[in-house]
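Both counts, for ligands and for their atoms, begin at 1 and track the order of listing. Predicted model only: the values in this text are computed from it and were never measured. Atom set for the values below is all heavy atoms of this structure, side chains included, hydrogens, waters and symmetry mates excluded.
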Amino acid sequence: MEILVSPDPEQTAARAAEAVLAGLDRSSRRPSVLGLATGSSPLGLYRELGRAVAAGRADFSTTHGVALDEYVGLPPGHPEGYRQVLLREVCDVVGLAPDRLEVPDGSSTDGAALEAAAAAYEQRIRDLGGVDVQVLGIGANGHLGFNEPGSALTSRTRVKRLSARTRRDNARFFRGLDDVPTHCLTQGLGTILGARRLVLVATGDAKADAVAAALEGPLTASVPASVLQWHADTVVCLDEAAAAGLRNRQYYDDSAEGLPTG
Ligand code: GLP
């Protein structure tokens, strides 16, 4: 794991954007496949990618975007459905074509239809040749995507119940808690591990405990983001507040300096 701590959220976003662009360059597959997280954590990163496009350093016009997750039961076009969120926060910002945005179809509430949608999503990711770089945030309870504590470390895309904490955390996007869906379709932890590079962004002190548990605690389904420790190319971009609980901080800072020069 590469753990990069920056003084503030803006510099965290800039470093995360560089990690994304380097990962896409390295994979050299064209068109590339970029895994997309929702939530507030990656918004600065997406804005940085937009700046890179404006500066002629990046081009997402042929890139495929692959969402991590989607709510179950929201009607198509609902403004808080993750398809709409990603159209606004990613496609509009970085120039990714809307018809190249893949989001699991959570519009049904029928179990069999949702199971079929999950299987179709896994197949779609395989057909695209897998994800080159997956952008990730982390839930305050350590979730990745919507893989809540207790999620199998090898899980694939499937229906999950949202935890009470996640529903409370996300109520701010809806009229109130009662309007927050109870279920979702989410890429599994095994699906996420299949991406060639993972880039996690976390800022703010509300994430400090989850970050410390994920990066320095045991690999456990109780902290789904601890599965990052299993991946050979994970870049974690934190601000000081989110890094506050890390015990091994000095080593990460030393490592980030790279090889000696001269
Ligand atoms: C949401 C998303 C996750 C996201 C997390 C954190 O529920 N499903 O992919 O990482 O919550 O959100 P935020 O970045 O707003 O704290």
Side-chain angles (χ1 to χ4, degrees), residues 9-10 12-13 16-17 20 34-48 65-74 78-86 88-90 93 101-104 106 118 121 131 133-151 155 157-174 177 179-189 191-193 195 198-215 223-228 234-239 241-243:
E10 291 71 29
T12 305
V20 168
L34 179 59
L36 301 167
T38 54
S40 49
S41 306
L43 290 178
L45 154 61
Y46 297 142
R47 280 195 292 270
E48 286 292 332
V66 173
L68 269 181
D69 45 21
E70 178 59 290
Y71 291 113
V72 158
L74 293 183
H78 188 291
E80 294 310 326
Y82 283 168
R83 174 172 291 281
Q84 296 304 317
V85 169
L86 290 171
R88 287 195 303 270
E89 294 175 349
V90 181
V93 174
L101 175 64
E102 310 288 341
V103 183
Y121 201 62
V131 173
V133 179
Q134 177 65 58
V135 173
L136 296 166
I138 184 172
N141 64 0
H143 76 217
L144 277 191
F146 272 138
N147 292 280
E148 300 286 23
S151 293
S155 49
T157 304
R158 68 219 183 286
V159 177
K160 284 296 280 184
R161 170 91 198 187
L162 298 178
S163 71
R165 167 111 194 232
T166 298
R167 292 187 68 240
R168 273 200 310 276
D169 285 350
N170 288 3
R172 66 190 193 276
F173 298 113
F174 294 84
L177 187 57
D179 284 2
V180 183
T182 55
H183 290 76
C184 66
L185 276 174
T186 182
Q187 282 191 34
L189 296 172
T191 319
I192 292 168
L193 284 176
L198 305 179
V199 176
L200 178 106
V201 188
T203 56
D205 52 10
K207 299 294 173 71
D209 290 347
V211 165
L215 304 186
V223 183
S226 65
V227 81
L228 294 174
T234 292
V235 183
V236 180
C237 299
L238 307 171
D239 70 351

Q: Ring-plane angle category for F174 and H78, please: parallel below 30°, perpendicular beyond 60°, tilted otherwise.
A: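 Rings of F174 and H78: tilted, as their planes differ by 30° to 60°.
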Q: Students should be able to answer this: which protein heavy-atom is nearest to atom 4 (C) of ligand 1, and at what distance?
A: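 Its nearest protein heavy-atom neighbour is T38 O, 3.8 Å.
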Q: Using a 4.0 Å cutoff against the non-hydrogen atoms of G137, which atoms of ligand 1 qualify?
A: 10 (O)
Q: Looking at D169, I want to see if its CG is surrounded by more than 12 non-hydrogen atoms of other residues, nucleotides or ligands under 6.0 Å.
A: yes
Q: Which heavy atom of the protein is the closest neighbour of atom 7 (O) of ligand 1, given with residue, atom name and distance?
A: F146 CE2, 2.9 Å
Q: Suppose we measure from atom 8 (N) of ligand 1 to each protein heavy atom; which comes out shortest, and what is that distance?
A: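 Checking every protein heavy atom, the shortest distance to atom 8 (N) of ligand 1 gives D69 OD2, 2.9 Å.
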Q: Using the side chain to side chain contact (heavy atoms under 4.5 Å, CB included) rule, pick out the option among V199, L198, L200 that qualifies with Q134.
A: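 Answer after filtering V199, L198, L200: L198.
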Q: Do N170 and R165 have side-chain N/O donor and acceptor atoms under 3.5 Å apart?
A: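 Side chains of N170 and R165: no pair found under 3.5 Å.
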Q: If we only count N/O pairs under 3.5 Å, is S41 in contact with ligand 1?
A: yes
Q: Please work out whether any backbone atom (N, CA, C, O) or any side-chain heavy atom from C-beta onward of Y82 is under 4.0 Å from ligand 1, and answer side chain, backbone, both or neither.
A: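 Contact part for Y82 vs ligand 1: side chain (C-beta onward).
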Q: If you define the side chain from C-beta out and look only at heavy atoms, does anything of T182 sit under 4.5 Å from L162?
A: no
Q: Assess, by modelled atom type and distance only, whether the side chains of T166 and E148 contain a donor and an acceptor separated by less than 3.5 Å.
A: yes
Q: Counting only heavy atoms, which portion of L136 has something under 4.0 Å from ligand 1: side chain, backbone, both, or neither?
A: neither
Q: Among protein heavy atoms, which sits nearest to atom 16 (O) of ligand 1, and what does the distance come to when rounded to 0.1 Å?
A: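 Among all protein heavy atoms, the one nearest atom 16 (O) of ligand 1 is K207 NZ, 2.6 Å.
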Q: Checking the side chain of R161 only, and the main-chain atoms of H183 only, is there a donor and an acceptor separated by less than 3.5 Å?
A: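 Flag not set: sc R161 to bb H183 has no pair under 3.5 Å.
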Q: Which atoms of ligand 1 have any heavy atom of I138 under 4.0 Å away?
A: 6 (C), 10 (O)
Q: Could you walk me through whether K207 and S41 pass the side-chain contact (heavy atoms from CB on, under 4.5 Å) check?
A: CA-CA 10 Å; K207 299 294 173 71; S41 306; 3.6 Å; yes
Q: Among L45, V20, I138, which residue meets the side chain to side chain contact (heavy atoms under 4.5 Å, CB included) test with V201?
A: L45
Q: How far is atom 11 (O) of ligand 1 from its nearest protein heavy atom, and which residue and atom is that?
A: H143 NE2, 3.3 Å
Q: Mind checking whether R172 has a heavy atom under 4.0 Å from ligand 1?
A: yes
Q: N/O to N/O below 3.5 Å, does that happen between G39 and ligand 1?
A: no
Q: Can you tell me the protein heavy atom closest to atom 3 (C) of ligand 1 and the distance?
A: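 For atom 3 (C) of ligand 1, the nearest protein heavy atom is G145 O, 3.4 Å.
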